[in-house]
Enquirer: 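Below you'll find the structure I mean.
In each ligand, atom 1 is the first atom listed, and ligand 1 is the first ligand listed.
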Amino acid sequence: MSTNSVPLYADDSHLIEFDAIVVKAGPKFVVLDRTAFYPDSGGQPTDIGFLKHMGGETRVLKVAKRGLEIFHYIDVNIPIGAAVHGVIDWSTRSWNMRRHSAEHLITGLIEALGEPPKVFSDLEKLEFQPSELTKEQISKVGLRFDEIVEEDVPVRVYYEERHKIDASSDPRKISFLQKIPLSVNRLRIVDIGSYASTFCFGTHVRSTSEIGYLTELRLDDAKKSKKIVHFLLKH
Ligand SMILES: [Zn+2]
């Protein structure tokens with residue numbers, strides 16, 4: 001039987017502790033009725049942390065989404081019906097969230113230069129292909145990035161019905177929509193001021209000052225007109 005988990009992280013990416021009930025259990029895993037643990041998905045890695053139960057606590061080593069269920073992989077077995085208190089490891093979440101939000105912003109700034117859609121990205125790397133990005137352009141993107149961090153621009157997260165989204169004039173939106181299963185009717189949009197707008201179900205900072213400044217932004221050439229942008233944030 002499928003047991004939907006309410007994704008508390010979707011409404012509050014700064015929620016660190018929560019109470020929940022175990023609705024599915026197996027050897028060293030539980031599914032909870034609600035969770036603030038972000039599962040490994042969308043280029044953002046799993047949260048870790050711990051679950052408190054019956055006066056003890058067990059580490060949450062990995063979190064994964066299967067359909068509408070969110071599985072927490074733990075050190076022990078906890079039975080169905082048990083009440084647990086979850087605690088997110090904030091330093092891991094915050095570091096992942098800051099880099100993921102930075103990736104949104106860098107993507108927006110590069111796409112504003114007329115670059116074609118990004119073909120791949122993770123927490124410290126973005127790839128564009130075919131691309132004619134230059135080192136001078138990337139250096140300007142780096143300066144602009146730090147200015148936007150200084151400006152403390154708010155990040156806005158909102159939902160739109162899929163059929164109401166007009167992507168006809170935006171190849172980037174078309175390619176994004178094609179990757180999202182047709183069963184998903186309500187799309188989540190993340191805007192960083194007017195600098196970046198993306199469909200995304202991940203966790204994000206509240207405003208750009210939380211991202212922090214860049215310590216590195218580097219452009220590498222790869223085969224077949226691919227350009228790779230590497231970035232690092234101040235830890
Ligand atoms: Zn995102």
Enquirer: Using the rule salt bridge (charged side-chain N to carboxylate O under 4.0 Å, His left out), only one of K65, R59, R93 pairs with D47; which is it?
Expert: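 With D47 as partner, K65, R59, R93 yield a single salt bridge (charged side-chain N to carboxylate O under 4.0 Å, His left out), made by R93.
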Enquirer: For F18 and F37, take the angle between the two ring planes, folded into 0 to 90°, and tell me which bin it lands in: parallel under 30, tilted 30 to 60, perpendicular over 60.
Expert: perpendicular
Enquirer: Cut-off 3.5 Å, side chains only: do T203 and H100 have a donor facing an acceptor?
Expert: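 Absent: no donor and acceptor within the cut-off.
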Enquirer: Y159 ring centre to R186 NZ or CZ under 6.0 Å, with the angle to the axis within 45°?
Expert: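 Yes, a cation-pi geometry.
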Enquirer: Return the orientation label for the F71 and F29 ring planes: parallel under 30°, perpendicular over 60°, tilted otherwise.
Expert: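 Ring orientation, 0 to 90° scale: tilted.
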Enquirer: Strictly under 2.8 Å, how many protein N, O or S atoms lie near the Zn ion (ligand 1)? Waters don't count.
Expert: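 Considering protein N, O and S only, the Zn ion (ligand 1) has 4 within range.
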Enquirer: Check the side chains of S91 and D89 for a donor-acceptor pair under 3.5 angstrom, ignoring hydrogens and angles.
Expert: yes
